[in-house]
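What follows is a short report on a single structure.
Hydrogens, waters and symmetry mates play no part in the numbers below; they use all other heavy atoms, side chains included. Start at 1 with the first residue, then count along the sequence.
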Amino acid sequence: MKVLKFGGTSVGSAKNINKVIHILDNYSKEDNVICVVSAVGGVTDKLLLAGKQAQNKDNDFLNTFNNIKNIHFEIINKLNPSSNESIITEVESKLSALKSLLDGIYLINELSLKTSDKLVSFGESLSSFIIAETIKSRGLSAVQKNSQELIITNSNFTKAEVNFNITNTNVQDYFKSAEQQITILPGFVANSTLGEQTTLGRGGSDFTAAIVAAALQVKQLEIWTDVSGMYTTNPKLVKQAYPIEKISYQEAMELSHFGAKVLYPPTVQPVLDLNIPIHIKNTLQPEAAGTIISNDDTIATLPVKGISNINNIALLTLQGSGMVGIPGFSKRLFETLAQEKINIILITQASSEHSICLGIDETDSEAAKTAIDITFENEIALHKIDPISVETGLSIIALVGDNMKNHQGISGKMFSTLGKNNINIRAIAQGASEKNISAVISEKDAKKALNTLHEQFFETQTKQLNVFITGVGNVGERLVEQINKQKKYLKENLKINLRIVGLSNSRTMIFDEDGIDLKIWKEKLASGEKATLNGFFEKTKALNLRNSIFVDITANKEVANLYANYLRESIGVVACNKIACSSNYENYSLLKRLSLKYNAPYLFETNVGAGLPIIDTLNNLIVSGDKITSIQAVLSGSLNFVFNNFNDTNKFYDVVKQAAAEGYTEPDPRIDLSGVDVARKILILTRESGMEMNLEDIENTPFLSDAGLKSDAVDDFYQTLIDDEAHYQDLYASAKAKNCQLKYVAQLNDGKASVGLQKIPEGHPFYNLEGKDNIVMFYTQRYPEQPMIIKGAGAGADVTASGIFSDIIKIGND
Ligand code: ADP
Ligand code: ASP
Ligand code: MG
């Protein structure tokens with residue numbers, strides 16, 4: 001004898017029912033089969049909805065009823081059994097009984113738990129009848145038996161407790177003489193000892209099958225559902241989840257108790273003592289191996305077997321200094337909840353006994369509060385304890401594994417992983433057996449928590465980075481290209497799964513939670529939604545993805561003003577925009593503090609010297625204990641380009657225009673030529689050296705003509721370059737006369753910074769700088785005479801993009 005159970009999706013359409021029949025046909029060739037079926041997927045919910053509507057005198061109950069009716073007739077039509085007529089007559093009669101019951105509820109305005117059980121039992125009654133009759137009509141030996149005649153319970157409606165003595169005898173007696181090869185039983189439904197209709201609790205068809213399997217002591221129980229087994233975590237929420245091949249009864253129970261809906265928690269109990277394995281299989285993919293739940297002690301030794309979660313949790317907290325002295329406090333508390341039939345999902349108690357936290361279903365929270373406040377009325381009045389506090393909108397996340405106890409530091413890893421992703425933990429519970437570690441968190445963080453914990457415990461090799469880029473102009477476009485080219489390498493070699501989830505230019509923005517397809521991003525972006533800076537932030541925040549990084553490739557002040565918001569959401573910031581780092585010192589240090597506090601990296605290597613590792617090197621010197629004594633640098637790729645190309649055979653205006661056309665200057669060339677850009681850079685280096693400084697503190701000796709300095713529009717400025725050509729030719733001639741080169745130099749000496757054009761003599765390290773090259777010389781305590789020198793291309797879209805890219809990778813490698 002074999003016992004198989006098929007769930008709601010498995011019997012949810014004619015197509016799937018045909019699959020079920022195919023499976024039963026094959027099985028029944030070898031042995032007799034008992035097949036427990038659920039109601040057609042979604043029908044139990046609809047029956048309850050119709051009941052509620054009727055009770056509330058809402059005429060929509062008729063629509064819901066018709067919907068239930070249509071669902072069943074559509075299935076019958078598509079199954080097209082040869083005995084169509086008689087099936088339709090019987091189904092109509094069942095539906096008319098259902099309609100009468102709903103009319104009754106409507107009339108008396110009342111829906112007791114007892115009536116509710118009567119109501120929902122129509123779901124399994126209809127499905128089991130239709131399936132049994134279809135099988136018969138196809139010439140197989142089958143019968144439908146009503147489980148209500150076999151499974152006997154108490155009268156605890158909606159979640160009745162089974163009387164195993166009577167039930168086991170009934171089941172054994174019936175199947176002793178059952179002749180048909182296939183017996184179809186409705187799951188979930190039962191009768192009380194008084195003959196009332198009861199049910200075994202939502203999801204209870206699994207339990208029905210386990211009860212029958214245990215009563216008959218079969219070799220194996222098979223639960224056929226819509227996924228290929230019990231997964232490492234809910235596959236609907238975590239794409240990387242995978243089926244667990246083998247799992248112990250205890251682990252399966254813990255996972256299902258904490259929300260792995262694939263198995264109704266009480267299911268394990270009846271088969272556990274008899275050592276009957278449960279095999280979870282996928283009706284939609286019967287060839288998949290599925291999961292075996294058993295006592296097999298060769299089960300692999302991964303410490304964490306699975307992660308599950310339950311939403312809609314309320315946390316009740318009782319506290320008060322007088323709690324220690326209250327006799328039988330816990331007993332009274334638990335009795336109160338038991339009387340209200342409130343199930344406690346999680347308990348934590350501080351060892352001082354000054355506070356106790358209980359996790360319960362949110363729908364029970366009001367009843368729980370009222371009852372507990374009444375029980376402890378006196379103690380509350382005497383201020384021995386506070387009135388109970390209730391927090392809702394929470395979720396429990398549970399790590400489960402028999403073998404966790406043999407591994408150190410699992411809980412530490414769990415909490416630090418959650419903490420790193422800015423997920424606040426409200427309560428923690430760890431069973432003494434260490435098979436389970438649970439944390440209560442906000443429901444809005446549940447998906448992120450599952451994904452990040454799954455990555456931590458099951459995909460340790462890969463880390464997903466979710467990148468949101470604002471400003472896909474010249475540099476941004478190169479960055480996207482570089483990422484696209486390098487994705488595969490990063491995955492294979494660094495185990496980083498880098499995805500661009502959000503993209504924006506000044507006009508439009510797009511998001512794709514699964515990663516934007518980088519082959520067609522331009523087309524997608526062109527038809528994206530209207531971009532706003534705040535809209536981009538809000539959407540990034542709402543997606544709430546782990547390891548999120550905001551990348552700013554603009555030169556925009558408003559964008560820089562939003563960094564604090566991103567950091568506060570634990571979203572890392574990578575910026576080539578230097579406005580924030582060179583803004584007032586308070587803002588700079590605030591961003592640094594937020595980055596530490598929220599564990600969100602804030603990196604801006606490209607603020608100085610584009611892709612050159614200048615800030616990184618400086619940071620390494622400082623963290624290893626060195627001290628900066630002086631910095632000498634040529635930090636403007638654009639000014640270098642200008643002064644390396646300008647001479648007495650060309651025009652200053654033409655050279656500046658060329659620098660702009662090559663993308664070396666800021667969009668507004670005055671920012672470069674006035675020295676402001678270089679001043680910002682030396683300011684950033686000074687701050688990163690550990691000194692407090694503001695832009696006004698930097699001495700800036702301008703080289704522009706008076707008119708150039710005064711112009712307040714870009715076009716006017718360009719005109720001054722033409723008009724004042726002689727001024728610039730004089731600068732060139734005076735340097736040439738001394739056999740010097742003109743270089744725009746930034747320096748930090750004795751805590752003072754300055755920028756300005758200098759005549760550099762032959763032999764000086766700056767003399768031979770070419771093109772758009774930058775150079776930085778760090779004089780430090782460890783490098784007092786021969787400075788640490790970094791030199792190379794300090795401007796250009798490709799090198800800037802690669803600097804941003806390496807900041808992103810740096811976060812991934814952390
Ligand atoms: P059935 O109707 O077949 O009884 P259920 O909907 O009750 O099916 O249970 C299967 C569903 O359980 C899956 O579709 C999945 O969404 C959910 N689920 C939650 N956690 C897990 C898990 N760890 N493994 C597999 N499925 C899970
Ligand atoms: N039909 C019932 C429910 O939806 C029982 C089951 O499917 O297991 O809860
Ligand atoms: Mg189920």
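- The two residues Pro303 and Met404 come nearest to each other via the heavy atoms O-CG, 3.0 Å.
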Hey, can you pull the donor-acceptor pairs under 3.5 Å for the side chains in residues 261-276, sequence neighbours left out?
unit_1	atom_1	unit_2	atom_2	d
Tyr264	OH	Leu200	O	2.7
Thr267	OG1	Tyr264	O	2.5
Asn275	OD1	Asn295	ND2	3.4

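- Among all heavy-atom pairs drawn from Thr232 and Ala241, the shortest one is OG1-CA, 3.4 Å.
- Although no hydrogens or angles enter the test, the distance criterion places no donor-acceptor pair under 3.5 Å between the side chain of Gln55 and the main chain of Asn109.
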Fill in: Full working for side chain to side chain contact (heavy atoms under 4.5 Å, CB included) between Asp364 and Glu340
CA-CA 9 Å; Asp364 293 329; Glu340 295 293 313; over 6 Å; no
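- Here the side chain of Thr199 pairs no donor or acceptor atom with the backbone of Asp117 at under 3.5 angstrom.
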Worksheet item: Thr64 and Gln53: side-chain hydrogen bond (donor to acceptor under 3.5 Å, both in side chains), yes or no, with the steps?
Response: CA-CA 9 Å; Thr64 312; Gln53 288 168 328; 2.6 Å; yes
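- In terms of heavy-atom proximity, Ile342 sits nearest to Ile360 at CG2-CG2, 4.0 Å.
- Using bins of under 30°, 30° to 60° and over 60° for the plane-to-plane angle, the ring pair Phe537/Tyr566 lands in the perpendicular bin.
- Note on residues 372-381: pairs passing side chain to side chain donor-acceptor pair (under 3.5 Å), not counting sequence neighbours, are Arg332-Glu379, Thr336-Thr375, Lys369-Asp373.
- You'll find the side chain of Ile151 reaches within 4.5 Å of the side chain of Thr208, heavy atoms only.
- Of the possible donor and acceptor atoms, none in the side chain of Thr291 sits under 3.5 Å from a partner among the backbone N and O of Gly229.
- Arg546 has a carboxylate O that lies under 4.0 Å from a charged side-chain N of Glu455, or vice versa, which qualifies the two as a salt bridge.
- Scanning both residues, Ile152 and Ser192, for their nearest heavy atoms gives CG2-C, 4.1 Å.
- Counting only heavy atoms from C-beta outward, the side chains of Thr317 and Ile388 never approach each other to under 4.5 Å.
- Of the possible donor and acceptor atoms, none in the side chain of Asn56 sits under 3.5 Å from a partner among the backbone N and O of Asp58.
- Distance CG/Leu255 to CG/Asn436: 8.5 Å, rounded to 0.5 Å.
- A distance of 10.5 Å separates CG in Leu399 from NZ in Lys413, rounded to the nearest 0.5 Å.
- In this structure, Ser548 contributes its side chain and Asn544 its backbone to no donor-acceptor pair below 3.5 Å.
- Between Glu513 and Lys447, at least one side-chain N (NZ, or NE/NH1/NH2) sits under 4.0 Å from a carboxylate O, which counts as a salt bridge.
- The OG1 atom of Thr540 lies 9.0 Å from the CG atom of Leu545; values are rounded to the nearest 0.5 Å.
- Inter-residue side-chain proximity for Leu4 and Val36 is flagged as unmet; no heavy-atom pair is nearer than 4.5 Å.
- Checking side-chain atoms of Ser248 against main-chain N and O of Glu251 turns up a donor-acceptor pair under 3.5 Å.
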Item to complete: Take Leu333 and Leu318, measure what side chain to side chain contact (heavy atoms under 4.5 Å, CB included) needs, and give me the verdict at the end.
Response: CA-CA 10 Å; Leu333 174 63; Leu318 264 92; 4.2 Å; yes
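- In the displayed structure, Lys341 atom NZ is contacted under 6.0 Å by at most 12 heavy atoms of other residues, nucleotides or ligands.
- By the 4.5 Å heavy-atom criterion applied to side chains, Asn154 and Asn163 are not counted as neighbours.
- Side-chain atoms of Val390 and Leu315, non-hydrogen and from C-beta on, never get closer than 4.5 Å to each other.
- Ile71 places a side-chain heavy atom less than 4.5 Å from the side chain of Lys46.
- Heavy-atom minimum distance, Asp402 versus Gln250: OD1-CB, 4.0 Å.
- Under 3.5 Å, the side chains of Thr115 and Ser112 contain a donor-acceptor pair of N or O atoms.
- Ion pair Lys435/Glu254 not flagged as a salt bridge, since none of the NZ, NE, NH1 or NH2 atoms sits closer than 4.0 Å to an Asp/Glu carboxylate oxygen.
- Taken to the nearest 0.5 Å, the OG atom of Ser365 stands 7.0 Å off from the CG atom of Leu316.
- Side-chain contact check for Tyr106 and Asn59: at least one donor-acceptor pair (N or O, by modelled atom type) lies under 3.5 Å.
- Formation of a donor-acceptor pair under 3.5 Å by the Ser228 side chain with backbone atoms of Asn282 is not found in this model.
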Item to complete: Start with the C-alpha distance between Lys5 and Glu222, add both sets of side-chain angles, then the distance that settles salt bridge (Lys or Arg N to Asp or Glu O under 4.0 Å), and finish with yes or no.
Response: CA-CA 6 Å; Lys5 175 258 168 178; Glu222 296 188 7; over 6 Å; no
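- For Glu366, the CD atom is loosely surrounded, since the number of other residues' heavy atoms within 6.0 Å does not exceed 12.
- Under the side chain to side chain donor-acceptor pair (under 3.5 Å) test applied with Arg202, the options Thr44, Asp45, Thr158 reduce to a single match, Asp45.
- Using modelled atom types, no side-chain atom of Asn67 and backbone atom of Asn63 make a donor-acceptor pair closer than 3.5 Å.
- Scanning both residues, Ala314 and Thr392, for their nearest heavy atoms gives CB-CG2, 4.0 Å.
- A donor-acceptor pair under 3.5 Å is formed between the side chain of Asn16 and the backbone N or O of Thr9.
- A donor-acceptor pair under 3.5 Å is formed between the side chain of Lys448 and the backbone N or O of Asn421.
- A side-chain N or O of Ser395 and one of Asn309 form a donor-acceptor pair less than 3.5 Å apart.
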Item to complete: Applying side chain to side chain contact (heavy atoms under 4.5 Å, CB included), run through Ile380 and Asp386 and close with a yes or a no.
Response: CA-CA 6 Å; Ile380 294 171; Asp386 304 335; over 6 Å; no
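- Asn170 and Asn168 form no side-chain donor-acceptor contact under 3.5 Å, judged by distance and modelled atom types alone.
- Separation of the Phe376 and Phe329 ring centroids falls under the 6.0 Å cut-off.
- Contact check for Ile244 versus Tyr231: no side-chain heavy atoms found under the 4.5 Å cut-off.
- Between Ile571 and Tyr598, every side-chain heavy-atom pair lies at or beyond the 4.5 Å cut-off.
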Donor-acceptor contacts under 3.5 Å from residues 120-130 side chains, at least two apart:
unit_1	atom_1	unit_2	atom_2	d
Ser121	OG	Lys118	O	2.7
Ser121	OG	Gln197	OE1	2.8
Glu124	OE2	Ala39	N	2.9
Ser125	OG	Lys94	NZ	3.2
Ser127	OG	Ser38	O	2.8
Ser127	OG	Gly123	O	3.4
Ser127	OG	Glu124	O	3.2
Ser128	OG	Glu124	O	2.7
Ser128	OG	Ser125	O	3.2
Ser128	OG	Gln144	NE2	2.8

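- A distance of 9.5 Å separates CG in Leu101 from OG in Ser116, rounded to the nearest 0.5 Å.
- Atom NZ in Lys52 sits 10.5 Å away from atom CG in Leu119 (nearest 0.5 Å).
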